[in-house]
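If you're wondering where the values come from, they're calculated on a predicted model, not measured in any experiment.
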Number of protein chains: 2
Amino acid sequence: MNHTLTELKNSLAEISDLKAAAAVLSWDQMALMPPGAAAARARQLATMERLAHEKATAPELGRLLDELQPLLEGLSPDSPDVALIRVAARDFERAAKIPPKFTAEFSEHTSRTYEAWAKARAQKDFQIVRPLLEKTLDYSRQLANFYPGYQHIADPLIDELDEGLTVAVIRPLFAQLREELTRLVGAITARPAPDDSCLKQHFPEADQWRFGLNVAERLGYDFNRGRQDKSPHPFTTSFSIDDVRITTRIKENRLSEALFSTIHETGHALYEQGIDPRWEATPLASGTAMGVHESQSRLWENLVGRSRHFWQYFYPKLQEVFPQQLGQVDFEVFYHALNKVERSLIRTDADEVTYNLHVMIRFDLELAMLEGKLAVADLREAWNERYRTDLGVTPPDDGLGVLQDMHWYSGTIGGYFQSYTLGNIMSAQFYEAALAHHPQIPTEIAAGRFETLHGWLKTNIYQYGRQLSGTTIVQRATGKPITIEPYVRYLKNKYRELYP
Amino acid sequence: MNHTLTELKNSLAEISDLKAAAAVLSWDQMALMPPGAAAARARQLATMERLAHEKATAPELGRLLDELQPLLEGLSPDSPDVALIRVAARDFERAAKIPPKFTAEFSEHTSRTYEAWAKARAQKDFQIVRPLLEKTLDYSRQLANFYPGYQHIADPLIDELDEGLTVAVIRPLFAQLREELTRLVGAITARPAPDDSCLKQHFPEADQWRFGLNVAERLGYDFNRGRQDKSPHPFTTSFSIDDVRITTRIKENRLSEALFSTIHETGHALYEQGIDPRWEATPLASGTAMGVHESQSRLWENLVGRSRHFWQYFYPKLQEVFPQQLGQVDFEVFYHALNKVERSLIRTDADEVTYNLHVMIRFDLELAMLEGKLAVADLREAWNERYRTDLGVTPPDDGLGVLQDMHWYSGTIGGYFQSYTLGNIMSAQFYEAALAHHPQIPTEIAAGRFETLHGWLKTNIYQYGRQLSGTTIVQRATGKPITIEPYVRYLKNKYRELYP
């Protein structure tokens with residue numbers, strides 16, 4: 001049995017190494033690669049992914065997992081070996097259920113759709129990509145149907161990234177949250193908008209870069225096991241627990257861009273760097289559910305990085321770096337500028353309060369499409385209608401409307417957007433739990449100290465990697481299932497003070 | 001048959017992609033990787049190399065190659081398919097002859113020896129690594145004996161990197177060259193040494209970096225298909241014909257360091273970037289013999305980069321970048337400083353004239369060891385003796401003597417050092433042939449134009465990749481087999497003018 005377990009670990013390490021190689025190729029492609037290398041790199045990446053998939057669905061791996069099932073019975077469900085076998089078996093079963101032919105066809109369809117989307121967006125014309133998106137909906141349904149026995153057709157898609165969560169759990173949470181948020185946004189936007197022009201001066205790139213690195217380091221990002229580069233779209237990637245990298249994007253005329261993208265990605269990176277080293281080279285060496293991952297980027301970005309306490313420590317330092325731009329700007333003006341709330345069209349530029357309204361529009365629309373209640377042909381109208389009702393704004397064209405996010409046009413319809421709002425909800429639930437154990441955290445943050453918070457998150461979330469599912473982690477760390485109450489409480493308290 | 005050829009190409013592309021992934025992992029490790037990632041990266045690299053080796057020695061590949069043999073008979077020996085099958089078969093046969101057990105053992109031995117060497121060098125004590133080096137000699141002999149039928153035991157080792165060359169060819173070339181060089185060095189060092197203090201001022205890193213990039217670009221390095229990074233030891237690496245990267249090392253108190261390492265690596269990179277795109281994702285998509293590769297780095301570094309014509313164009317530009325340091329330094333003083341010849345102990349720091357004496361000492365000593373005429377126990381004495389007779393200097397300790405190069409301590413004894421001097425010899429032979437066709441090349445270089453030279457090299461050498469062997473390329477491009485005459489002529493003409 002020990003020998004079989006060793007064989008399993010070797011096999012998983014090989015898959016992990018192939019995926020790490022693909023991740024390095026992909027990181028390089030997005031951050032450093034010379035443009036002429038695009039075709040060769042696409043081929044190399046496809047080869048790595050194909051080899052990883054072959055190994056991940058190899059009958060030998062299935063045989064090893066079957067042989068190891070009896071082992072599970074004799075062990076505690078909390079034993080590391082049980083977790084390893086459970087997660088490996090889940091990955092194997094999910095992967096093995098999808099016919100290779102489907103993967104190849106869908107992958108080819110996705111590439112074509114992505115290209116059509118880029119063209120459609122440039123021309124601001126949804127009709128260009130509509131027929132392909134109709135096929136995407138078919139593929140998404142087919143994919144869900146490889147996992148029969150679901151309650152809602154989106155459930156298998158959601159389960160891929162947010163194990164254990166279903167439409168039945170998420171829909172009521174989002175309905176409550178939508179109600180609370182529309183009320184809050186209404187109250188806020190009835191007040192005078194703060195002036196955020198102090199953030200829109202010229203901030204030289206090199207100074208922004210250095211300040212961001214200092215912030216990341218102080219939050220606890222270990223640069224001995226990571227680095228930051230620049231890329232058009234910021235992201236975090238992990239090649240091993242000891243090599244977790246982030247990227248950022250600097251705009252010289254917009255201070256918040258690099259600053260908050262660095263803090264956001266630092267949140268993801270702290271999670272990946274905090275996983276117990278015992279999980280190195282196993283499928284457990286990554287954050288658990290996508291929503292939990294997003295909760296960490298948002299916790300550090302918003303609950304910490306946009307808080308009064310955080311800037312009590314960092315604002316004087318920022319003023320030292322940019323004396324001409326910020327030397328004369330009052331703390332309150334700066335703090336209000338950072339937390340300006342406005343009704344807007346673009347999700348990725350949205351503030352903390354309106355952001356989830358954008359996400360929930362996508363979530364509801366994709367459920368309606370999967371259920372067959374909304375035709376792709378009517379998507380554009382449905383989108384614009386929801387923006388009118390939920391956000392009080394109307395997209396003047398498809399580029400600022402239904403074509404703005406790449407998600408549906410580069411993957412499935414369904415399975416992804418829920419993570420963003422689940423992440424925000426959980427960020428406050430985790431933070432409140434940390435504060436209940438360590439009420440001194442805000443005071444520490446105001447002194448530039450993040451160890452207590454970081455330590456609590458590491459102990460209760462990070463260390464486990466995928467050893468525990470997202471829902472188990474929430475329950476154990478906070479004593480409750482996912483609930484919107486802490487998040488609504490957090491937003492109300494913060495924004496009532498900001499917009500009295 | 002066409003189907004079999006397609007299968008072969010797919011199989012070779014897969015191997016090529018795995019090797020490219022390993023090359024990216026390795027480049028990242030040396031240039032960018034955070035230090036904490038070392039252990040994980042070593043494991044990932046080992047996995048990529050193991051998978052590539054498995055595919056490269058797979059019985060299916062041998063079967064495909066066997067099936068394709070009849071195809072060769074009907075085709076011209078210059079046909080691309082013939083070249084592809086010939087090179088693929090050579091690689092397969094060479095790889096398949098080595099038992100996996102030997103590779104694993106030798107690789108483990110090499111790691112241990114390298115560590116012991118690092119320790120021995122720090123302590124300047126050859127005895128620390130001597131017992132391991134004795135085993136390396138055994139392994140090197142065993143490796144040669146996997147390819148029976150050789151004339152000299154070093155021949156199979158040399159053939160790995162410099163296909164078609166043998167001790168019988170190289171030894172007389174080196175003997176003549178050694179005689180010429182010792183005479184030339186004697187004549188030069190009898191003259192007063194030039195003052196090279198102008199190169200040893202403070203040259204800020206950022207300015208050196210920019211100047212080096214400009215030089216590389218002007219020489220013809222395509223940054224759309226490449227990039228430069230920094231690393232402790234400069235190197236060139238190719239992930240595809242469209243992604244060939246170089247690294248450099250900057251010393252602020254030594255101008256020649258980054259400048260000539262950039263030009264040297266640019267020479268290697270021009271070669272790799274110049275390969276016919278038809279060879280992408282095949283084993284032919286790399287420079288042919290190691291000696292030919294080195295001929296290109298040395299041609300650009302020395303025959304071009306240390307020439308009077310080159311600096312007629314670039315010196316005024318360099319003076320503009322460093323007005324304080326070089327504004328008052330006369331062209332002749334600068335040019336003489338760049339070409340200072342001196343008897344010294346360290347190969348990698350040696351000037352163009354003495355350099356090959358260092359290399360040939362290694363070559364002769366490794367042949368003597370392989371032949372059983374020199375015991376490893378006596379290597380240190382033999383080394384010091386040869387430095388006395390050939391270079392007129394005596395290493396004060398082993399660190400500056402027998403322990404200075406990592407080669408024997410990180411691979412085989414034999415098979416590598418010949419390339420360096422063969423490269424120098426061929427660099428002049430190629431350059432003379434290019435000048436015979438295009439006598440205007442020096443005048444163009446003095447005007448900062450390198451297209452004619454670059455074009456001739458691309459047409460006669462680069463485009464072929466491994467389609468032609470090194471010896472064939474030399475014969476076709478220059479009309480002769482390898483000969484030292486052009487190289488000796490070049491050195492004498494240049495240094496008689498410098499040291500009249």
Chain A shares the most heavy-atom pairs under 4.5 Å, among Arg43(B), Arg41(B), Glu280(B), with Arg43(B)
Do the side chains of Arg245(B) and Asp28(A) get close enough for a salt bridge, i.e. N-O under 4.0 angstrom? yes
Pair count under 4.5 Å, heavy atoms only, with chain B: among Pro35(A), Ala21(A), Ser16(A), highest is Pro35(A)
Mark yes when over 12 heavy atoms from residues, nucleotides or ligands other than His233(B) sit less than 6.0 Å from its NE2; otherwise mark no. no
Under 4.5 Å from any heavy atom of chain A, what part of Phe239(B) do you find: side chain, backbone, both or neither? both
Ala281(B) versus chain A, heavy atoms under 4.5 Å apart: side chain, backbone, both or neither? both
Among Asp222(A), Asn224(A), Asp243(A), single out the residue with the greatest number of heavy-atom pairs under 4.5 Å to chain B. Asn224(A)
Could you check whether atom CZ of Phe235(A) has more than 12 heavy atoms from other residues, nucleotides or ligands sitting under 6.0 Å from it? yes
Chain B contacts, top residue of Leu51(A), Val24(A), Leu32(A) (heavy-atom pairs, under 4.5 Å): Leu32(A)
Among Asp242(A), Leu25(A), Asp17(A), residue most engaged with chain B (heavy-atom pairs, under 4.5 Å): Asp17(A)
Which atoms of Lys55(B) come close to chain A, meaning under 4.5 Å heavy atom to heavy atom: side chain ones, backbone ones, both, or neither? side chain
Do Gln44(B) and Leu18(A) have side-chain heavy atoms sitting under 4.5 Å apart? no
With respect to chain A, which residue among Pro34(B), Ala20(B), Gly36(B) yields the maximal number of heavy-atom pairs within a distance under 4.5 Å? Pro34(B)
Does the side chain of Met33(B) come within less than 4.5 Å of Arg227(A)'s, by heavy atoms? no
